[in-house]
Amino acid sequence: MGCSGSKAADGAVSTRNPGKGMRFEDHYVLQEGAELGKGQFSTVKPGREIATGKEVAVKCIKKSEMTQEDIEALDIEKGVMRKLQGNPNLIQLFADFEDPHYHYLVIELARGGE
């Protein structure tokens, strides 16, 4: 299931490594019907990495509601998260993908609202 409750994740390709053609649904599954949080453009849903069973959070950002400025801010957010990778005090970005409708940020799941 995708972020909208449909199969929106079908064909979502990694933007971190597009040459390899990694697809979201080949590596992660979203927990149907569950939601961790919601913002103006995004919804955060619990997910799981298929290969390891590791629980993750997936920030699903709806492209249709984003301005060019929002897209640039998202690119900056991803860049900052990559540069600070490994800092134990920050949520980690594991992967990012996009399809025609959404951007997907696969991030560390923080229990208890950390």
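In this structure, Glu77 does not pair ionically with Arg82, as no charged nitrogen and carboxylate oxygen lie closer than 4.0 Å.
Distance check, rounded to the nearest 0.5 Å: CD of Gln31 to CD of Glu55 gives 8.0 Å. Atoms OG and NZ, from Ser42 and Lys62 in turn, are 12.0 Å apart once rounded to the nearest 0.5 Å. With rounding to the nearest 0.5 angstrom, the CE atom of Met66 is 12.5 Å from the OH atom of Tyr102.
Residues Lys78 and Leu105 come closest through the heavy atom pair CD-CD2, 3.5 Å.
Side chain of Gln85 to main chain of Leu93: a donor-acceptor pair is present (N/O by atom type, distance under 3.5 Å, no hydrogens or angles). Judged purely by atom type and a 3.5 angstrom limit, Lys63 uses its side chain to pair as donor or acceptor with the backbone of Asp99. Glu98 places no side-chain N or O within donor-acceptor distance of the main-chain N or O of His103, the cut-off being under 3.5 Å.
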Worked verdict on His27 versus Ile50 for side-chain contact (heavy atoms from CB on, under 4.5 Å): CA-CA 5 Å; His27 298 278; Ile50 296 169; 5.7 Å; no
Candidate pair Leu36 and Leu109, rule side-chain contact (heavy atoms from CB on, under 4.5 Å), full reasoning: CA-CA 10 Å; Leu36 299 172; Leu109 178 62; 3.6 Å; yes
Test log, rule side-chain contact (heavy atoms from CB on, under 4.5 Å), inputs Val44 and Glu35: CA-CA 6 Å; Val44 180; Glu35 188 175 286; over 6 Å; no
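Under the side chain to side chain donor-acceptor pair (under 3.5 Å) criterion, Asp70 pairs with Thr67, not counting sequence neighbours. Judged as a side chain to side chain donor-acceptor pair (under 3.5 Å), and not counting sequence neighbours, Lys38 has no contacts.
The aromatic ring centroids of Phe97 and Phe24 lie less than 6.0 Å from each other.
For the pair Tyr28/Arg48, no side-chain contact is recorded, criterion being any heavy-atom separation below 4.5 Å from C-beta on. Within the 4.5 Å cutoff, no side-chain heavy atoms of Glu108 are placed close to those of Val56.
Residues Leu84 and Ile91 are members of separate hydrophobic clusters, defined by side-chain heavy-atom contacts under 4.5 angstrom among Ile, Leu, Val, Met, Phe, Trp and Tyr. In this structure, Leu90 is a member of the same hydrophobic cluster as Val80, with clusters built from ILVMFWY side-chain heavy atoms closer than 4.5 Å.
In Glu65, the CD atom is crowded: over 12 heavy atoms of neighbouring residues, nucleotides or ligands sit closer than 6.0 Å.
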